[in-house]
Amino acid sequence: MTIRINAAFDAGNIRVVAIEGDLIDLEIAKDHQSDFYQWFHFRVAGAKGRTLSFRILNAGGSAYPFGWPGYRTRWSTDRQVWRQAPETSYANGVLSFTHRFDSDVVWFAYFAPYSMERHHDLVSRIALQPGVTHRELGVTLDGQPMDCLTLGEGPKQVWLYARQHPGETMAEWWMEGALEKLTDAGDATAKLLRSKATFHIVPNMNPDGSRRGHLRTNAVGVNLNREWHAPSAEKSPEVLVVRGAMDGTGVDFAMDVHGDEAIPANFLAGFEGIPSWTDELGGKFYDFARALAAATPEFQLDLGYEKSAPGQANLSMSTNQLAERYGAVSMTLEMPFKDHEANADAEYGWSPERCKRLAHACLDTLAGMIDRI
Ligand code: ZN
């Protein structure tokens, strides 16, 4: 039987360099019109009964080479359950892993994928729930719709948006959890939140990068999270339409959901360094982070990014821009590609189910301070 490797599907990304016996040499393709790459997703057919060794030869030149030490490749036979390949290793710029094939087709990915088809299933399912309004805010450069779901009747304006960086699929798993909780008629916290706030939710900020199998950019190689000061129809229509909708409602609370390649923990980043920083507004962000850490052992305050110095915030990034523009309690949530070091799980690592549960904890935490934002 001939071994066949294929990535010609939604979010697929791999290039075959060579297949010699049981050794498979691969490369990750760059985002279109960009030098960023790290996301991979491919399937292998025709290997049942064999053990193959894979090498991703260009891992060392990827966007975040610090993401590889301690990382484990995810694999699945049914595209539902994704496990870690325990023998993944990284040395000399090459990511290696082996797999014993017990079935005809096996799928491999950087993290459990979240396809555009699943996105449309999610948006359509949630749009049918009572009290939910769906709006198509515009289209991307590839012509895909920009979806926004609105629910709740309260005066506080809450914006949740995810996957500006399309390879960070954990962000849309988080969204699935958030939307399911907010539309659960039996959830008292959701009921409270819906009475006090109106939620505007963009589950996927970057459909083009998602479908193209990109790590970090849209159809023309633009990093959307460097466009929020001056989005344009030519380079970043995704940000242009979402920021326009935000201008229409104002923003009291915002969360931008991401994944981080290097840090093996969940953490938040705030908006230190914006020109309009006040300790009062910043204090609300710190209060949220402390309350979340108290609410779940899946969140912590020790690991994270360095804070910007006073006046040094990058206003092209959404979290800073929204805090400055609207006086919003604004934050970036990061979840790991690596296993989550606290509560490590050798079989599944940080997983879609845990992303969804973290979303529930974030909403519980928001409910505890919704009157103060
Ligand atoms: Zn990101």
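Residue numbers count from 1 along this sequence. We count ligands from 1, going down the list as the structure has it; atoms in each ligand are counted the same way.
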* For Asp104, which residues count as a side chain to side chain donor-acceptor pair (under 3.5 Å) partner, sequence neighbours excluded? -> none
* For the Zn ion (ligand 1): the N/O/S atom of His258 at shortest distance -> ND1
* Structure fact -> min-distance N/O/S atom, His165 vs the Zn ion (ligand 1), resolves to ND1
* Asked: Taking a hydrophobic cluster as the set of Ile, Leu, Val, Met, Phe, Trp and Tyr residues connected by side-chain heavy atoms closer than 4.5 Å, whether directly or through intermediates, do Tyr37 and Leu26 fall within one such cluster?
  -> yes
* Would you say Glu168 reaches the Zn ion (ligand 1) with an N/O/S atom under 2.8 Å? -> yes
* Between His119 and Asp147, is any side-chain donor less than 3.5 angstrom from a side-chain acceptor? -> yes
* Whether over 12 other heavy atoms sit under 6.0 Å from Asp279 CG -> no
